[in-house]
Peer 1: 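To start, I am sharing the structure in question, which I have written as structure tokens.
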Amino acid sequence: MGRSLDQVFKLYLSLKERGVSIVSIKDGVDTREPMGDIFLAFLSKIAENDFFSIKERQRAGIEVRKQTGLPMGRPKGLSRSAAAKAELAIRLYNEGKSISELMRLADISSRSTAYKYLRLKGVKI
């Protein structure tokens, strides 16, 4: 419902104004009951804490990467299987195959990916 207690309660109050109650069978929350509001607040606070915990670990990991000089993010370039598909796509394109044909033959599921492979290898389209 939200990443913070404030977000959850803004949504909850907005729904409550419209006469909507929140019932979660899985979590045991039922705002029609007196303890429902308290339990919703408790679960929201746990979710908020979890969210900030994840962000803190992420920041710590980024800091370690920066201090050690290790690269961050996804590796540059194509994976081996993607590179093989790109090479096949180029060969098929140079043989005069249409984009649809080379997608089918090279097992490329996205037209934009097919064009990306061709552009990465310097093929004029």
Side-chain angles (χ1 to χ4, degrees):
M1 289 180 59
R3 292 186 175 160
S4 71
L5 187 60
D6 288 342
Q7 284 180 337
V8 171
F9 265 93
K10 282 179 186 174
L11 177 60
Y12 168 62
L13 292 174
S14 172
L15 292 172
K16 190 175 181 178
E17 287 174 1
R18 298 178 194 151
V20 176
S21 297
I22 299 171
V23 178
S24 172
I25 296 168
K26 179 182 171 195
D27 299 319
V29 175
D30 185 349
T31 59
R32 298 173 298 187
E33 303 293 324
M35 291 298 290
D37 294 346
I38 294 169
F39 198 55
L40 180 64
F42 179 71
L43 289 178
S44 299
K45 194 62 183 168
I46 289 172
E48 181 180 55
N49 188 51
D50 190 45
F51 173 73
F52 286 115
S53 226
I54 290 167
K55 295 302 278 180
E56 183 62 31
R57 288 193 306 269
Q58 180 185 24
R59 274 190 220 104
I62 289 170
E63 200 53 43
V64 167
R65 296 291 255 187
K66 284 181 179 178
Q67 289 174 357
T68 58
L70 294 171
M72 290 190 290
R74 179 180 274 191
K76 302 266 188 267
L78 300 174
S79 66
R80 284 186 184 149
S81 63
K85 285 182 181 185
E87 292 299 328
L88 177 57
I90 290 164
R91 189 170 51 79
L92 293 168
Y93 186 79
N94 288 336
E95 290 173 5
K97 303 286 186 203
S98 70
I99 296 296
S100 296
E101 286 177 300
L102 75 83
M103 285 174 60
R104 184 177 51 78
L105 294 169
D107 191 31
I108 300 171
S109 58
S110 164
R111 185 171 293 275
S112 63
T113 300
Y115 282 112
K116 179 180 89 171
Y117 287 168
L118 295 174
R119 280 192 304 272
L120 280 172
K121 297 297 182 173
V123 174
K124 300 287 183 201
I125 301 170

Peer 1: E101: which residues meet the salt bridge (Lys or Arg N to Asp or Glu O under 4.0 Å) condition with it, sequence neighbours left out?
Peer 2: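 In terms of salt bridge (Lys or Arg N to Asp or Glu O under 4.0 Å), with neighbours along the sequence ignored, E101 is linked to no residue.
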Peer 1: Could you work out, with side-chain contact (heavy atoms from CB on, under 4.5 Å) as the rule, every residue matching L13, not counting sequence neighbours?
Peer 2: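 Counting only residues at least two positions away or on another chain, L13 forms no side-chain contact (heavy atoms from CB on, under 4.5 Å).
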Peer 1: Kindly write out the residues that satisfy side-chain contact (heavy atoms from CB on, under 4.5 Å) with A86, not counting sequence neighbours, or none if the list is empty.
Peer 2: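 Only L78, Y117, K121 meet the side-chain contact (heavy atoms from CB on, under 4.5 Å) criterion with A86.
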Peer 1: Going by the rule side-chain contact (heavy atoms from CB on, under 4.5 Å), which residues pair with I25 if we only count those two or more places apart in sequence or in a different chain?
Peer 2: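 Once residues adjacent in sequence are excluded, I25 has no partner under the side-chain contact (heavy atoms from CB on, under 4.5 Å) criterion.
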Peer 1: Taking salt bridge (Lys or Arg N to Asp or Glu O under 4.0 Å) as the test, write out the residues that go with R74, two or more places apart.
Peer 2: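 Not a single residue meets the salt bridge (Lys or Arg N to Asp or Glu O under 4.0 Å) criterion with R74.
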Peer 1: List the residues meeting side chain to side chain donor-acceptor pair (under 3.5 Å) with K45, not counting sequence neighbours, and say none if there are none.
Peer 2: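 K45 satisfies side chain to side chain donor-acceptor pair (under 3.5 Å) with E48 once adjacent residues are dropped.
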Peer 1: Got a sec, which residues hit side chain to side chain donor-acceptor pair (under 3.5 Å) with R119, two or more places apart in sequence or on another chain?
Peer 2: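 Listed in chain order: nothing, the list is empty.
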Peer 1: With sequence neighbours left out, what residues match E95 under salt bridge (Lys or Arg N to Asp or Glu O under 4.0 Å)?
Peer 2: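 Result, salt bridge (Lys or Arg N to Asp or Glu O under 4.0 Å) vs E95: R91.
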Peer 1: Taking only residues two or more places apart in sequence, or in another chain, which ones meet E56 in a salt bridge (Lys or Arg N to Asp or Glu O under 4.0 Å)?
Peer 2: R59
Peer 1: Excluding sequence neighbours, so at least two apart, what forms side-chain contact (heavy atoms from CB on, under 4.5 Å) with S79?
Peer 2: S81, A82
Peer 1: Go through the structure and list residues passing side chain to side chain donor-acceptor pair (under 3.5 Å) with E17, not counting sequence neighbours.
Peer 2: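 For E17, no residue satisfies side chain to side chain donor-acceptor pair (under 3.5 Å) once neighbours in sequence are set aside.
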Peer 1: Could you list the donor-acceptor pairs under 3.5 angstrom formed by side chains in residues 31-39, with sequence neighbours left out?
Peer 2:
residue : atom : partner : partner atom : Å
T31     : OG1  : I22     : N            : 2.7
T31     : OG1  : I22     : O            : 3.3
R32     : NE   : D30     : OD1          : 2.9
R32     : NE   : D30     : OD2          : 3.4
R32     : NH2  : D30     : OD2          : 2.9
D37     : OD1  : Y12     : OH           : 2.4
D37     : OD2  : Y12     : OH           : 3.4

